[in-house]
Amino acid sequence: MTDDELMAAIRAETDPGCVVAPAEARGRQVSSLGHQIPDAPVLRPASTEQVVTCVRLCGAAGRALIALGGGTNYAGSTAPTERGEWYLSLERMNRIESVDAENRIAVVQAGVVLQNIQEAAREHGVQFAVDLGGRGSATVGGLIATNAGGERVFRYGMMREQIIGLEAVLADGRVVDLMDRVIKNNAGYDVKQWFIGTEGTLGIVTRAVLRLRAAPNSVQTALLALPSVDDAPGLLNRIETALGGTLSAFELLWPEFYETMCGGPAPPTRAPTC
Ligand SMILES: Cc1cc2nc3c(=O)[nH]c(=O)nc-3n(C[C@H](O)[C@H](O)[C@H](O)COP(=O)(O)OP(=O)(O)OC[C@H]3O[C@@H](n4cnc5c(N)ncnc54)[C@H](O)[C@@H]3O)c2cc1C
């Protein structure tokens, strides 16, 4: 089967918007390291069923796929290789299906952008706890596939701790439905863990049940100057202990960041005394 025939077959079984031809996709950035799509189509399924169709038809034609979220990774795991992969982007699967503040869960499609679920949770008086600088582009699927951490990892844990359930499509087109909705499920193997942090190698995540948390009543932010990065762990431990485990976020800034943002010299540093 030629590439044109494969694209036509996918369009015929999905919809015309599901396939972006190579000429249109070329040059699109797929990682924070600057990797770009060379000469390959981007498949944009709009539902789990369409993901199955793409995977099934590409598999039959011997065409490998790279799952693509917001393309914000620093690992280069979405970089093209000599195998001539096509890209499967979750960008049209960007629906927040439900936010249930009472039971503290949200059901989303994998292409939902992090900032959008953060804002939806906030509107319901709760919060989605993972946060990182790529929030405006990184997707739930990408965050799951990389087991992203971010700035609030001390208090809330990594992405793994925010996933109650998920749905994924395997390489042979089978759909694995692991859409649990309760936190306290200790029955048998926790199979969803296979898809968290495995960068799309074991399947394409299509939907997820996210854990929501109580929103903080108040937030205080402090900028602390340290003589050395080696002083940071001790200081963080002391603050966390003093706050009874409620330190929710931290970010390390190098002197150059401070100078760039504040337009002046780096702040004075001294040994922590708190
Ligand atoms: C300013 C900035 C700050 C950042 N800070 C942090 C940070 O603090 N902590 C941190 O961990 N990361 C951080 N990152 C990295 C990045 O945002 C995360 O790795 C993010 O989880 C990637 O999400 P994405 O949707 O962009 O995924 P992509 O970059 O598109 O893909 C990442 C990997 O996931 C796979 N993938 C994507 N979607 C799916 C899917 N639906 N199913 C299966 N596999 C899939 C891809 O094939 C690839 O292997 C930061 C990035 C930026 C730009």
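All ligand and atom numbering here is 1-based and tracks the order in the structure. When reading the values below, keep in mind they use all heavy atoms of this one structure, side chains included, and skip hydrogens, waters and symmetry mates. Counting begins at 1 with the first residue of the sequence.
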remark   = Output for ligand 1, non-hydrogen cut-off under 4.0 Å, lists Ser32, Ala67, Leu68, Gly69, Gly70, Gly71, Thr72, Asn73, Tyr74, Ser77, Thr78, Leu90, Ala110, Leu132, Gly133, Gly134, Ala138, Thr139, Gly141, Gly142, Leu143, Ala145, Thr146, Ala148, Gly149, Gly150, Glu199, Gly200, Gly203, Ile204, Val205
message = I'd like to check the side-chain hydrogen bond (donor to acceptor under 3.5 Å, both in side chains) partners of Thr48; sequence neighbours left out, ordered by chain and number.
response = Glu167
query = What's the shortest heavy-atom distance between Pro41 and Val19, and which atoms?
reply = CB-CG1, 4.5 Å
inquiry  = Could you tell me if the side chain of Trp86 sits less than 4.5 Å from the side chain of Leu6, heavy atoms only?
reply    = yes
inquiry  = I need the full list of side chain to side chain donor-acceptor pair (under 3.5 Å) pairs touching residues 104-114, with sequence neighbours left out, sorted by first then second residue.
reply    = none
query = Going by heavy atoms in the side chains, are Phe195 and Val205 under 4.5 Å from each other?
reply = yes
query = According to the salt bridge (Lys or Arg N to Asp or Glu O under 4.0 Å) rule, which pairs have a member within residues 17-35, sequence neighbours left out?
reply = Arg26-Asp39, Arg28-Glu91
